[in-house]
Amino acid sequence: EKGGFDHFMLKEIHEQPKAYRDTMLGRISDDGRSVELPELKMTAEQLRGISRVHIVACGTALHAGLVGKNVIESLVRIPVETDVASEYRYRSPIITPDTLVIVVSQSGETADTLAALREAQRCGARVLAITNVVGSSVAREADDVIITLAGPEIAVASTKAYSSQLIAFFLFGLYWAQQTGRQDEASVAQILAAMQSLPEQVERILAQGEVIKEVAESISHHSSLFFIGRGVDYAVAMEGSLKLKEISYIHSEAYAAGELKHGTLALIEEGTPVIALLTQEGLYEKMLSNIKETKARGAHVLGIVNEGQEEEVSKSVDRQFSIPRTLPLLTPALSVIPLQLLSYYASLALGHDVDKPRNLAKSVTVE
Ligand code: F6R
């Protein structure tokens, strides 16, 4: 049942190329120039009428939503807020009929996410669900549903569901941009072409799992570490940090790289591992100077960089892992893979139950 892998988590990490292909299948026109989402009931006119978006979810699904915010804001230029589902209802959010609420949930049964969905509908908003389970409560109650085709996810730590949620956000963002004329056909086609290369690019990353295994073994002796990034890299840093905590029980924090000097640098000591994501070219120089700040305090830095940039970065980091080149907005679908492997191998090195970490359940049906 684990298909030759030692754990469901590793199997599911390796299923991501297929999950990406399946989630895109039938949703990109044959000529590769447009997105087709016939499952959506909302009309182009309704889409045009939306003036704000709330993305609401828990845990890893929320982290996918943080990338989703970047995707929608940059492709559609509509303001997006993200919120923790267990907080959403209690802060009397401003929900108007022209608000689109997007709930993200692998299981479709998370109690807080379901409650947020109901609150949004009560206030008159339209709700779009991104979920992996057809027929789940969230799928049944939402006004529109985009199903991620990641297949069943057994390991408690979410991997392929998260990354397929990213694909769903890319598709929906492009669809929306196209329906409202926000992006021209050529740029949509360019992004779709890059998306179609992602599965093969993930395969190339997976083939280098041994490199990550070594790094994971060295960080497993530490009791605390940091993940840093800017822009979408910060969103991915948050997911990398959560994954590591939940299955290896090593404390870590994700920080927006520019925020370190406002307090957190106090925690960097000789040997503290720092995992720095450097996939956003426009933010490169700024990242390098933030990395320097940590190295000056003794940090041991692993850089996750774009292929071709190794030399430029080599003096600033202690080790690096490169990911294939894609468009800046799509990088999370690649950069998260080494972080998933890092947490898997760290947990393994420490002898923990990778698939069933302590204190956690796959589906959280209490608020
Ligand atoms: C972490 C993890 C959790 C879930 C969260 C929401 O790996 O799996 O953080 O993402 O409990 O679950 P769903 O997506 O089922 O609503």
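Here the structure is a predicted model, which means the values were calculated and not measured.
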Does this structure show an ion pair linking [X] with [Y], if we count only N-O contacts that are shorter than 4.0 Å?
| X | Y | result |
| --- | --- | --- |
| Arg319 | Glu214 | yes |
| Glu45 | Arg48 | no |
| Arg91 | Asp83 | yes |
| Glu15 | Lys11 | yes |

More than 12 heavy atoms of other residues, nucleotides or ligands under 6.0 Å from [atom1] of [X]: is that the case?
| X | atom1 | answer |
| --- | --- | --- |
| Lys261 | NZ | yes |
| Glu311 | CD | no |
| Asp31 | CG | yes |
| Lys2 | NZ | yes |
| Lys295 | NZ | yes |

Donor-acceptor pair, side chain of [X] and main chain of [Y], under 3.5 angstrom:
| X | Y | value |
| --- | --- | --- |
| Gln46 | Thr43 | yes |
| Arg77 | Glu73 | yes |
| Lys160 | Pro152 | yes |
| Ser248 | Lys245 | no |
| Ser347 | Ile247 | yes |
| Ser164 | Tyr20 | no |

key: Contacts of type side-chain hydrogen bond (donor to acceptor under 3.5 Å, both in side chains), residue Arg33, not counting sequence neighbours   =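 If we apply the side-chain hydrogen bond (donor to acceptor under 3.5 Å, both in side chains) test to Arg33, skipping adjacent residues, the hits are Glu185.
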
For a 4.5 angstrom cut-off between non-hydrogen side-chain atoms, does [X] reach [Y]?
| X | Y | value |
| --- | --- | --- |
| Val71 | Leu329 | yes |
| Val67 | Phe169 | no |
| Gln320 | Ser314 | yes |
| Arg27 | Glu36 | no |
| Asp143 | Leu128 | no |
| Tyr249 | Leu244 | no |
| Trp176 | Leu75 | no |
| Arg126 | Asp144 | yes |

message = Is there a ring pair (Phe, Tyr, Trp, His ring centres under 6.0 Å) between Tyr162 and His63? Walk through the geometry before answering.
response = CA-CA 8 Å; Tyr162 165 87; His63 295 158; 7.4 Å; no

How many angstroms lie between atom [atom1] of [X] and atom [atom2] of [Y], to the nearest 0.5 angstrom?
| X | Y | atom1 | atom2 | value |
| --- | --- | --- | --- | --- |
| Tyr345 | Leu350 | OH | CG | 14.5 Å |
| Thr159 | Phe8 | OG1 | CZ | 12.0 Å |
| Gln309 | Glu307 | CD | CD | 11.0 Å |
| Asp112 | Arg89 | CG | CZ | 6.0 Å |
| Gln106 | Ser158 | CD | OG | 6.0 Å |
| Ile268 | Phe226 | CD1 | CZ | 5.0 Å |

For residues [X] and [Y], is any side-chain donor paired with an opposing acceptor at under 3.5 Å?
| X | Y | result |
| --- | --- | --- |
| Ser29 | Ser34 | yes |
| Asp98 | Ser51 | yes |
| Asn359 | Glu246 | no |
| Ser105 | Thr113 | no |
| Glu239 | Thr60 | yes |

At their closest point, which heavy atom of [X] faces which heavy atom of [Y], and how far apart are they?
| X | Y | answer |
| --- | --- | --- |
| Ala139 | Val145 | O-CG2, 3.3 Å |
| Gly258 | Asn290 | N-OD1, 3.7 Å |
| Ile219 | Pro273 | CG2-CB, 4.0 Å |
| Ala254 | Ser241 | N-OG, 3.8 Å |
| Ala64 | Leu166 | CA-CD2, 3.9 Å |
| Met287 | Ala276 | CE-CB, 4.1 Å |

query = Glu153: what forms a salt bridge (charged side-chain N to carboxylate O under 4.0 Å, His left out) with it, not counting sequence neighbours?
reply =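 So Glu153 forms a salt bridge (charged side-chain N to carboxylate O under 4.0 Å, His left out) with Lys362.
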
key: Asp22: salt bridge (charged side-chain N to carboxylate O under 4.0 Å, His left out) partners, not counting sequence neighbours   =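 So Asp22 forms a salt bridge (charged side-chain N to carboxylate O under 4.0 Å, His left out) with Lys18.
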
inquiry  = Under the criterion side-chain hydrogen bond (donor to acceptor under 3.5 Å, both in side chains), I'd like the reasoning laid out for Thr279 against Asn306: C-alpha separation, chi angles, the key distance, then a yes or no.
reply    = CA-CA 6 Å; Thr279 72; Asn306 294 326; 5.0 Å; no

request  = Under the side-chain hydrogen bond (donor to acceptor under 3.5 Å, both in side chains) rule, what do Ser163 and Gln16 come out as? Steps first, then yes or no, please.
outcome  = CA-CA 7 Å; Ser163 53; Gln16 290 174 112; 2.7 Å; yes

Partner set under side-chain contact (heavy atoms from CB on, under 4.5 Å) for [X], not counting sequence neighbours:
| X | value |
| --- | --- |
| Gln196 | Met24, Ile28 |
| Arg140 | Ser137 |
| Pro17 | Arg21, Pro199, Val202, Glu203, Leu206 |

